[in-house]
Amino acid sequence: MLARNFYQRTTELVARDLLGKLLVRNHANGDVVLRLTEVEAYLGIDDPACHTYGGRRTPRTETMWDEAGYAYVYLVYGLHSCLNVVTVGPGRPEAVLIRGGVVEAGSDLVRARRGPRVGERSLTDGPGKLCQGLAISRSDDGVDLCPLDSALRICDDGLEVRENQVQRLPRVGVDYAGEAASWPLRLAYIPSELITAR
DNA sequence: TCTAGGATCGGCT
DNA sequence: GCCGATCCTAGAT
């Protein structure tokens, strides 16, 4: 279980340390556990790709301006939800977008939500897919991730992610942000069995 | 009010 | 690899 102070650090550090952690979703229909494998950092008012760039403060982004350790969920393209974790603290509207993970428990439930024809690999390998599979929607915006009984929380089961298992890549889908689109703020966790070169 | 555009996905070529 | 779906959000009028 990650405590508040885990999130009250620089966004890049939080993003790095979220890799390999477990996202736990409790729901009336059952629980789902997801191992986080891909995240993306959004650095607040100085980041042209971020929703709060230039100090923008709107009803949608209100959660980002508040305390760290809360879920910021928004809708993109009018149809997909995206889950973010708010970082740093009040007045510093930064966050980490959860882009992908691997289902560790509850795959039947995820499959039921994602559809029978969806392959194992594509169950939760994108921000919108992940939210659909875990039944995360706009109504989860502002949910506190820190309480032990939270319906949405992030746990540490002790898995260590070494530096050579972390891939740093440009962010996706933010070409409008100019040079900031190429900042290497997308972090991917490469499980050791997939690392061939060294 | 009105309008433009989007932190994506899945189907099709 | 390309393209359309789809509707909320933010900024302009």
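In what follows, every chain begins at residue 1, and chains take the letters A, B, ... in the order their sequences are listed. Quick note: numbers below take in every heavy atom, side chains included, and nothing from hydrogens, waters or symmetry partners.
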Indicate, with a heavy-atom threshold strictly under 4.0 Å, whether Leu75(A) touches base, sugar-phosphate, or nothing. sugar-phosphate

Going by distance alone, is a donor N or O of one side chain under 3.5 Å from an acceptor N or O of the other, for Gln132(A) and Arg114(A)? yes

Secondary-structure stems for DNA chain C, with pairs counted as Watson-Crick or G-U when both distances are under 3.5 Å and runs at least 3 long: B:1-6 with C:7-12, B:8-12 with C:1-5

Does the side chain of Tyr77(A) get closer than 4.0 angstrom to OP1 or OP2 of dT9(C) through an N or O atom? no

Indicate yes or no: does Arg4(A) engage Asp144(A) in a salt bridge with an N to O separation below 4.0 Å. yes

Gap between atoms OH and P, on Tyr72(A) and dA7(B) respectively (whole Å): 9 Å

Could you tell me whether Arg9(A) sits above the aromatic face of Phe6(A), with NZ or CZ closer than 6.0 angstrom to the six-membered ring centre and within 45 degrees of the axis? yes

In whole Å, what is the span from the CG atom of Leu123(A) to the P atom of dT8(B)? 19 Å

Should the pair Arg121(A)-Asp125(A) be classified as a salt bridge under the 4.0 Å nitrogen-to-oxygen rule? no

Whole-Å gap separating P (dT8(B)) and OH (Tyr74(A)): 6 Å

From dC9(B), dA7(B), dA5(C), nucleotide with atom closest to Leu97(A) side chain: dA7(B)

Salt bridge (Lys or Arg N to Asp or Glu O under 4.0 Å) against Glu67(A), all qualifying residues, sequence neighbours excluded: none

Between Tyr42(A) and His51(A), is the ring centre distance below 6.0 Å? no

Rounded distance in Å - CG (Leu79(A)) to P (dG5(B)): 18 Å

Grab the NE2-C1' distance between His80(A) and dG4(C) for me, whole Å please. 11 Å

Counting only heavy atoms not in Arg60(A), do more than 12 sit closer than 6.0 Å to its CZ atom? yes

Looking at Leu185(A), Val96(A), Asp17(A), which hits side-chain contact (heavy atoms from CB on, under 4.5 Å) with Val39(A)? Val96(A)

What's the closest nucleotide to the Pro127(A) side chain, out of dC9(B), dA7(B), dA5(C)? dC9(B)

Nearest-Å distance for atom pair CZ/C1', residues Arg117(A) and dC12(B): 13 Å

Check the distance between dG10(B)'s P and Leu130(A)'s CG and give it to me in whole angstrom. 12 Å

Figure out the OH/P separation between Tyr176(A) and dT9(C), and round it to whole Å. 15 Å

Numerically ordered, the residues 32-62 of chain A set in heavy-atom contact under 4.0 Å with DNA chain B is Tyr42(A), Ala49(A), His51(A)

So, is Arg114(A) near the phosphate of dC9(B), with a side-chain N or O under 4.0 Å from OP1 or OP2? no

Pair Arg35(A) + Glu104(A): basic N to acidic O under 4.0 Å: yes

